[in-house]
Structure formats: structure tokens, C-alpha cells
Amino acid sequence: MSLENYISAERLDIYEKHLKVESGQVMAAYYWNKALAGAMLPALQCLEVTLRNAIDKAVQSGPVPGAAGLWLTDHNWIFSLPRYMGKKAYPKLWKRYKMAKKPADRQDAQGVMLDQYGHRIIARKVREEMLVDQARDIIVAEGKTITPARVISGLSFGFWTTLLGTKYEDVNSKSLLWPNLEAAVFPHAPPGFGMPKVREAFHRVRALRNRLSHHEALWKFHYDDPTTGQPDYSNPVYGAQASCSLLRKHYDDIIEMIGWMSPARATNFLSHGADRRFRALCSVDGLHAFTDPGKLSKTLSLSEDTPADAFIEALAEPEYTLLIRPDGSFQVVTGADIPATGYPRT
């Protein structure tokens, strides 16, 4: 069967139409995008872990003043807050809980059905409650003991960005996360950079992360509508240079957002070269390393007179270098990623 039966034409056409690669280079560009996605994961993971730990620490170390009597602010807050939000979303007893229909049903004095442990059976839950339930189920399925730390680590990036939303904001009674914990979670955000801008930034990262998770083209962007500020899907970005430039901007935003919570965390990430592979790949040369190594901007012609230091330096550089024998019969691409050797093949 042809490849098109497993990779849709729509997925591949954009490499010619938007990225402007030659038809014979489409599959090479397709795998460049996969390498790009893998290289972006460390920054996304760092942002997610830093965010969830910052919120967890802030809730416990600087308890929300209006939360007393509503939800717990100790290590069990991850169970208590979603439950409270469920009760808040469904204030009517008969909407929130499963009501008994027969006298024989196990029920409490208010007619709410009880489970085998004497707990009220919840009929409707908010999404955050269901995500916590899913995390708990996975922990149990793995034969582990449910702990707050395990549940927190098992929750998705979508869960944590939901907690940043206006749903968790209460200016009047100060019973929810925001603005009470804003300074504790984002102590190094730019001056005047309030929660609306924080939410917008995380929304953009979440959209990018979803594209990565759904195996879409990370480099594909649309220019923003000047009126709404939202992507204008009738106005796509064309070409590798512009596409890589926009993706690098998103990447730089992610590193900056880590720094809003912990500059030390961002510095540590960069000091270990965790961004090295992404920056090499997210470039025109990074694309050429997969599609057409002959177009690489940096080359090194090898001969018996080539200094060993020059050869070692080429191997150590994060950028891509084309190593060529004197007769041109053999080429090797070196750099932060090595997608091709012995190119072209004869």
C-alpha cells in the first residue's frame, strides 16, 4: 500500500505550499518536523513542572485567606479545591448529587444516595474533578498508593492552565487562587504584567503543545488579525525563515515564562544546554540538514592537511556543518542532531 494510506496528503501538502520545499524533499521535511517536536519537549516539560510546583508551593505556604471552611490549603488541596469548585458549579443538591428514588436506596437524611462507604454519590463533576479522578485511577492501576504528590505529577498541562483561568479568580471574597497567589506563583513577571496577560501567554503555549501532541506541523503559523489579536487562518505564514523565526519566538517566550516563576530554573535549563538541539533544528540550516545538506551554510573540506582541531570543533558545534572529502564523494552532516550521514547515497 502507498504511504498516502498512512499519512494524509493534507499533512504533507503544507510542506510544499507553506514551507516551500521541493516535492522530493517533503518526507525529509516531515521528519525534520518530528525532530523539531522532540527538541521542543524539554522546554515544555520544564515549564509544566515549574508551574505545577509553583502553584502547589504557593497554596501551602501562603494559604488563600478566604478558603477557610471552603477547601483545604494543606497538601490535600489538590483533592479539596476541585471538589469545592464542583459544589460551586452545581449548588443545587439535586444537580450535584444522585438522589434516591426508592425508600430502599441507601441514602442520607436529605435523600442523597450513598455509596458503600457512606459517601454521597456525585452525579455531576467539573472537568478538574474528573481529571483528578483519572490521575487517581492510573495510580491505583499501577499498584501504587494514592498521594497528593503522585496526583499532582499525574495531572496534565491542560489542568494547570485551567487553574490559571478566571474561574479560579475571586477579587471580593478572596476564596480562590487569584489574585491572592499571583505574586507567589509569578514573582518575577514583568511589571504590570497581571493575570490576564499571564493567561494569554499560557494559552498560546498550551495551543502549541496541543499541536505537538497531535503530531501537527509545529512550524506552521498564521499571522494575527490586527483587530482581534487572534490567528487569522486565512493568512498563513510562508517560508522556512519566517516560520522558524516565529517558532523560535514562542520558544523564547517559554523560557521567559519559566523565569517568571523561577529565574534560577530558567538559568539552570539553559546552562545545561537543554535548548541547544532545538535552536540548531529550528533554522533554515536545520531544515536543510534533512532536506538538502548541500545547501548548508557551514562546510568543512577534509583532507590530510585538515587540522584535527578544526575537525573536532565541527563535531562539537551545535550548528550543522557539512564535512566533505576532497573529491566530494562523501559528505557527513554534523551538529546538535545528526539526521544524515553518507549523503548523498550512491
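- The closest donor-acceptor contact from the side chain of H214 to the backbone of N210 lies under 3.5 Å.
- Taking a cutoff of 4.0 Å between a charged side-chain nitrogen and a carboxylate oxygen, R96 and E129 qualify as a salt bridge.
- In terms of heavy-atom proximity, A123 sits nearest to K98 at CB-N, 3.8 Å.
- Other residues, nucleotides and ligands place no more than 12 heavy atoms under 6.0 Å from the CD atom of E22.
- A distance-only check finds a donor-acceptor pair linking the side chain of N33 to the backbone of E216 [under 3.5 Å].
- With respect to the salt-bridge test (charged N to carboxylate O, under 4.0 angstrom), the residues E169 and R199 qualify.
- The minimum heavy-atom distance between Y97 and V112, with the atom names listed, is CB-CG1, 3.5 Å.
- Tracing side-chain contacts under 4.5 Å through hydrophobic residues (I, L, V, M, F, W, Y), one never reaches F221 starting from V284; they form parts of separate clusters.
- We find the CZ-CE distance between R52 and M261 to be 12.0 Å, quoted to the nearest 0.5 Å.
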List the steps and the verdict of side chain to side chain contact (heavy atoms under 4.5 Å, CB included) for M85 and L176.
CA-CA 10 Å; M85 296 303 288; L176 297 176; 3.7 Å; yes
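- If you take OG on S243 and CG on L218, they are separated by 11.5 Å, rounding to the nearest 0.5 Å.
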Apply side chain to side chain contact (heavy atoms under 4.5 Å, CB included) to the pair V21 and V26, showing each step before the final yes or no.
CA-CA 7 Å; V21 302; V26 167; 4.2 Å; yes
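- Under the 4.5 Å side-chain criterion, counting only non-hydrogen atoms from C-beta, H288 is in contact with L296.
- In this structure, the side chains of W160 and I152 come closer than 4.5 Å at one or more pairs of heavy atoms.
- Under the 4.5 Å side-chain heavy-atom criterion for ILVMFWY residues, a single connected hydrophobic cluster contains both I78 and I146.
- Here the straight-line distance linking atom OG1 of T227 with atom CG of D232 works out to 9.5 Å at 0.5 Å rounding.
- Using a 4.5 Å heavy-atom threshold, the side chains of E256 and P190 count as touching.
- Proximity of T161 to V205: side-chain heavy atoms (C-beta onward) are nowhere separated by under 4.5 Å.
- Considering all non-hydrogen atoms of both residues, F159 and L155 come closest at CE2-CD1, 3.6 Å.
- Under the 30°/60° scheme for interplanar angles, the aromatic rings of Y251 and F278 are found to lie parallel.
- Atom NZ of K87 is surrounded by 12 or fewer heavy atoms from other residues, nucleotides or ligands within 6.0 Å.
- Between A39 and P42, the shortest heavy-atom distance links the atoms O-CD, 3.4 Å.
- A side-chain donor-acceptor contact under 3.5 Å links R211 to the backbone of K220.
- For the atom pair L41 CG and L36 CG, the distance stands at 10.5 Å (nearest 0.5 Å).
- In this structure the side chain of L44 never reaches within 4.5 angstrom of the side chain of E48, judged on heavy atoms.
- A donor-acceptor pair under 3.5 Å is formed between the side chain of W71 and the backbone N or O of S175.
- Between S297 and Y320 the shortest side-chain heavy-atom distance does not fall below 4.5 Å.
- Atom CZ of F193 has more than 12 neighbouring heavy atoms from other residues, nucleotides or ligands inside a 6.0 Å radius.
- The two residues V126 and A89 make their nearest non-hydrogen contact at CG1-CB, 3.6 Å.
- Judged by distance alone, with hydrogens and angles left aside, the side-chain atoms of W32 form a donor-acceptor pair with the main-chain N or O of L281 at under 3.5 Å.
- Put simply, L70 and L72 are part of two different groups of oily side chains (I, L, V, M, F, W, Y) that touch within less than 4.5 Å, one to the next.
- In this structure, the side chain of S153 engages the main chain of R150 through a donor-acceptor pair within 3.5 Å.
- Ring planes of F202 and F157: tilted class, angle from 30 to 60°.
- Atom NE2 of H215 has 12 or fewer heavy atoms from other residues, nucleotides or ligands within 6.0 Å.
- The line from CE of M113 to CZ of R120 is 13.0 Å long, rounded to the nearest 0.5 Å.
- Remark: the backbone N or O of Q107 is not paired with any side-chain donor or acceptor of D105 at under 3.5 angstrom.
- A distance-only check finds no donor-acceptor pair linking the side chain of T267 to the backbone of A264 [under 3.5 Å].
- Residues L93 and M99 approach most closely at O-SD, 4.1 Å, considering heavy atoms.
- The ring of Y15 has its center closer than 6.0 angstrom to the ring center of W219.
- A side chain to side chain contact (heavy atoms under 4.5 Å, CB included) with L177 holds for exactly one of V59, V185, L164, D170; it is V59.
- For K20, the NZ atom sits in a packed shell: over 12 heavy atoms of surrounding residues, nucleotides or ligands are nearer than 6.0 Å.
- Side chain of K174 to backbone of V171: no donor-acceptor contact under 3.5 angstrom is found.
- Separating the OG1 atom in T50 from the CD1 atom in I55 is a distance of 11.0 Å, to the nearest 0.5 Å.
- Salt-bridge formation is not detected for the pair D275/R248: no Lys NZ or Arg NE/NH1/NH2 atom is positioned less than 4.0 Å from an Asp or Glu carboxylate oxygen.
- There is no path of hydrophobic side-chain contacts, each under 4.5 Å, that joins I121 to F79.
- Contact annotation: the side chain of K249 approaches that of D253 to within less than 4.5 Å [non-hydrogen atoms, C-beta and beyond].
- Y31 is connected to I14 through a chain of hydrophobic side-chain contacts under 4.5 Å among Ile, Leu, Val, Met, Phe, Trp and Tyr, so both are in one cluster.
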May I have the step-by-step check of side chain to side chain contact (heavy atoms under 4.5 Å, CB included) for M40 and L247, ending in yes or no?
CA-CA 10 Å; M40 194 162 201; L247 186 55; 4.0 Å; yes
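- Residue K34 places its NZ atom among more than 12 non-hydrogen atoms of other residues, nucleotides or ligands, all under 6.0 Å distant.
- For the pair R265/C46, a side-chain contact is recorded, criterion being any heavy-atom separation below 4.5 Å from C-beta on.
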Let's go through R206 and T162 carefully: what are the C-alpha distance in whole Å and the side-chain angles of both, what is the deciding distance for side chain to side chain contact (heavy atoms under 4.5 Å, CB included) to 0.1 Å, and is it a yes or a no?
CA-CA 10 Å; R206 180 178 177 178; T162 297; 3.8 Å; yes
